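This report refers to the structure that appears directly beneath it.
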Protein chains: 2
Amino acid sequence: MATQTATPSEMLRSIDAATGEPFGEPFTTHGASDVDAACAAAAAAFDDYRSRPLEDRAAFLDRIGDEIMAIGDPLIEAAMRESGLPRARLEGERGRTVGQLKLFAQVVRDGNFLGLRIDSALPDRQPLPRPDLRLRKVPLGPVAVFGASNFPLAFSTAGGDTASALAAGCPVVVKGHGAHPRTGTLVAEAIARAVQACNMPAGVFNHLLGPGNQVGSALVQDPRIAAVGFTGSRGGGMALVKLAQARPVPIPVYAEMSSINPVLLMPHALATRGAALGTAFVGSLTMGAGQFCTNPGLLLAIEGEGLDAFLDAARAALADAPASTMLTPGIHAAYTKGVEDLSSHQHVETIGRGAVGSGTCGQAGLFATTAEAFLSDEALGHEIFGASSLLVRCRDEAELIRVLQNAEGQLTATIQMDGGDTDMAQRLLPVLELKAGRVLVNGWPTGVEVAHAMVHGGPFPSTSDGRTTSVGSLAIDRYLRPVSYQNLPAELLPAELRDGATLPRMVDGKSA
Amino acid sequence: MATQTATPSEMLRSIDAATGEPFGEPFTTHGASDVDAACAAAAAAFDDYRSRPLEDRAAFLDRIGDEIMAIGDPLIEAAMRESGLPRARLEGERGRTVGQLKLFAQVVRDGNFLGLRIDSALPDRQPLPRPDLRLRKVPLGPVAVFGASNFPLAFSTAGGDTASALAAGCPVVVKGHGAHPRTGTLVAEAIARAVQACNMPAGVFNHLLGPGNQVGSALVQDPRIAAVGFTGSRGGGMALVKLAQARPVPIPVYAEMSSINPVLLMPHALATRGAALGTAFVGSLTMGAGQFCTNPGLLLAIEGEGLDAFLDAARAALADAPASTMLTPGIHAAYTKGVEDLSSHQHVETIGRGAVGSGTCGQAGLFATTAEAFLSDEALGHEIFGASSLLVRCRDEAELIRVLQNAEGQLTATIQMDGGDTDMAQRLLPVLELKAGRVLVNGWPTGVEVAHAMVHGGPFPSTSDGRTTSVGSLAIDRYLRPVSYQNLPAELLPAELRDGATLPRMVDGKSA
């Protein structure tokens, strides 16, 4: 890990999310020279790390998970206090983080991610022989990872970006989120123990703390950084994208940014179970104080039977919804302002509100507008990060489709439907799959499985690169590029491309 | 195809590459309204085209190839006159173009490109059930393709970008290159016949002619365009990248731009066959008047035995190399200027020149400099498009590695080696595979196989996106993005993701 060279004036304190009060020992923040040292260490470790046997790389990922578990309760307690999130949620998030590392360990062992391909030489082909061509994917280089505020474990220091980059063979430099320095440091120390235990090069993992506009900018601009993983706000993500594009050598930025996750309430589903849907919806809306990228911030329904029952049930459930501590005072202030602007909009009615909160507790809310108003004011489609959602009342299917087509790219799109809605759902599906990275039926978008078939990504601005996912085994693709080897003698070929190697590969167009 | 609405003053003539004289009937060029119409047609065709059965899509690609062959000799004659390239080269290029379409037809039939994945539901999992998750890749949307000057068939109207985009399920809008309007129009007409014969939606293919700074810019900025394929100059490619990034919704640009394709002459290879290497090198250098993206524009050698023999043989071969007609007067002028600047550089010596040409014929040339000079003037590393190459004399292996590490990203890197060079080659390989998309041993970089294991791509600035290839079956990935379907009933699921469907897929992490 990078040397710490800050002066006392550059110290960072943990803040108790519930009280806003600092607590515990201060952390040294890092500056330009630390960024330089971390990037130098990562670059120096790259060739060594990427050439280790896949089994060693997999064992390293497993070990990181074990070391995180070995921290025990102090990690959960630090995360609870710094984030305001409850114990059960954070224990679940820890399990998810460790499970993610183990999944990528398995992905590394399986070897499919290498994309191995061989086209055999055809020495007698006319008019020219065909050379022997062998392809594998190689890691891009050191990756900068930005920790997210809303998942202090699963999207932070040893979260999905770090796990997938390490699995790909890339060293990582993490810029920890300022809202959970203690949680991040505990995890970084666990990774450092795994580095030692597995005899990995020291620079394979580096942890920095400090202001995003200094440490973060310097990191993205460092010529040794080859790619960036980020989860956060649209403004923050786009700032990194612009920095990366302005470099002499531009690099990819995978920023997961802004999504309001439309939920379509189909007529038959509303008619048969409108009230049940209203109650379930509020459960998804208020989970984790609404602080999920996949929070259901937009409801679409055609006026008709069952919609009132849905709204009545949602209003009642909201009235019972306690105010929850939000992650930071800044997030709470932005949420409060966003809801105030929304509720005071001339074409927006308030359907229901949750309990009024004190301190940094957010008050949940459901609001409604018309399709006409929604289509004529794009501000109504902006994300409000927290437990707020807007119902758009549509006159008919055509208007609902117009609202969908007009919407920005999304992480998810959900259909609540019954059998009688199938025809309409079939017409909507082609629209939804072009707008979102994940399409759900009769579920709620919160809750993102770490799996092979998961996509947590989607068209701009839900992410800066809709061709990828930040959750699930496919996330490893973000940090790889293909290289073709032409007529290499066996002693020069990478081991996995030699004749007789056992990893899965395509030979002459056929799986082998 | 888009309506033609230009006034007579906006006509484009074919130019005979050898004489610089216009010939044949003029072509109407297109304007902003034509770009709009073409993009509207492509967008309107998208849902229909992408939902056709894969076999129909494959048959369409096959049929395009058949229709191109059916044009017969008029296509070859038009391309010869417009490009100045010889008959054998263009007949070979036509075969490659048709072979490329047939390869992508097979890729479509095989279905691996869909990346199908299923994670089965685990309804009894604790604490929460796992949903049924199914993933496929979907096409991005209408793709803008820019024809290249140097491959009037294989990288133009029905070239690799068009073939891979159509294979992915994307409609295409081609902006034909102004240097071969007749060739491009003949191919566009062939595609139009295939569209009709296969009953495809008319807007699946659209062909525009006109100035790049008007038609091309409008095309990249059109909100219905979802991605861009380009082969050409660094300036042209970066202009498109910047336009695409400045859109309200940024889109990916796959620009193949600038590469000087280092060839490393290893000591033992030089000692044992320096003269043979020198002769063979000139063959690669002067092929197609040097107008290949993979032309060997940089030679690296450690001073020593055999290098003089190499240079003597290369000088002799160059003296016998006729001047060849270049593609356009503009390319000829840029080449001549580039060679003049290089040869008059104070630290550059001229090793040998080809025959002096008249008109737009380019005079081949081999030059030499020292590693020290090369490292201290980055202009010496810039591409000169044409049959010019620069030898960098290195004192030792360390200096050679410094030159390599200092070099920009490349499409290819080549090692000329014998058995005695293996140790050094093993040390160089990790550097080369991070600098280039394709690494060759004992071949020449010109000649790019259309195959499964080919990478014609590489780190910036050889391309704007080193994570991809523009040649070979993997090129289809550029125009796809993954979508996850959660708990969809069978009647809503895409057919290839239903239980019992037969295309290859990963089920619960295992190939099935």
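The chains referred to below are lettered A, B, ... by the order of the sequence lines, with proteins before strands, and numbering in each begins at 1. The structure presented is a predicted model; accordingly, all values stated were derived computationally and were not measured.
Here the closest heavy-atom approach between residue P489(B) and residue V441(A) is recorded as CD-CG1, 3.9 Å. For G466(B) against P482(A), the heavy-atom pair with the smallest separation is O-CD, 4.2 Å.
Of the two parts of L434(A), the backbone and the side chain both hold a non-hydrogen atom closer than 4.5 Å to a non-hydrogen atom of chain B. Looking at R130(B), both its backbone and its side chain come within 4.5 Å of chain A, counting heavy atoms on both sides. Heavy atoms of P139(A) lying under 4.5 Å from chain B belong exclusively to its backbone. No part of P461(B) comes within reach of chain A, as not one of its non-hydrogen atoms sits under 4.5 angstrom from that chain. Contact annotation for T469(B): neither backbone nor side-chain heavy atoms come within less than 4.5 Å of a heavy atom of chain A. Only the backbone of P248(B) has a heavy atom closer than 4.5 Å to any heavy atom of chain A. Heavy atoms closer than 4.5 Å to chain A are found in the backbone of A436(B), but not in its side chain. With a threshold of 4.5 angstrom between heavy atoms, D508(B) approaches chain A through N, CA, C or O but not through any side-chain atom. Looking at M506(B), the atoms closer than 4.5 Å to chain A (heavy atoms on both sides) all sit in the side chain, from C-beta outward.
For the set D119(A), D110(A), L474(A), L440(A), the count of heavy-atom pairs under 4.5 angstrom toward chain B peaks at D119(A). Of the listed residues R478(A), R134(A), M454(A), M417(A), the one with more heavy-atom pairs under 4.5 angstrom with chain B than any other is M454(A). The greatest number of non-hydrogen atom pairs below 4.5 Å with chain B, out of G457(A), P459(A), G458(A), is found for P459(A). For the options E408(A), R136(A), K242(A), heavy-atom pairs under 4.5 Å to chain B are most numerous at R136(A). Ranked by heavy-atom pairs under 4.5 Å with chain B, the first of G443(A), P494(A), P250(A) is P250(A).
Using a 4.5 Å heavy-atom cutoff, the side chains of L429(B) and L488(A) are in contact. A 4.5 Å side-chain heavy-atom check between Q486(B) and V439(A) finds every atom pair outside the cut-off. Between H456(A) and S484(B) there is no side-chain heavy-atom pair separated by less than 4.5 Å. The shortest distance between side-chain heavy atoms of Y485(B) and E433(A) falls below 4.5 Å. Counting heavy atoms from C-beta outward, R467(B) and L480(A) have side chains that stay 4.5 Å or more apart. Inter-residue side-chain proximity for N487(B) and N442(A) is flagged as unmet; no heavy-atom pair is nearer than 4.5 Å. With contacts defined as side-chain heavy-atom distances shorter than 4.5 Å, the pair V483(A)/R438(B) does not qualify. H452(B) has its side chain out of reach of L135(A): every pair of non-hydrogen atoms, C-beta onward, lies at least 4.5 Å apart.
The environment of E491(B) atom CD is dense: over 12 non-hydrogen atoms of other residues, nucleotides or ligands sit within 6.0 angstrom. Annotation: Q426(A), atom CD; neighbour count of heavy atoms from other residues, nucleotides and ligands within 6.0 Å is above 12.
Remark: R481(A) does not engage D465(B) in a salt bridge, criterion side-chain N to carboxylate O under 4.0 Å.
E449(A) contributes atom CD, which lies 4.0 Å from atom CZ of R125(B) (distance to the nearest 0.5 angstrom).
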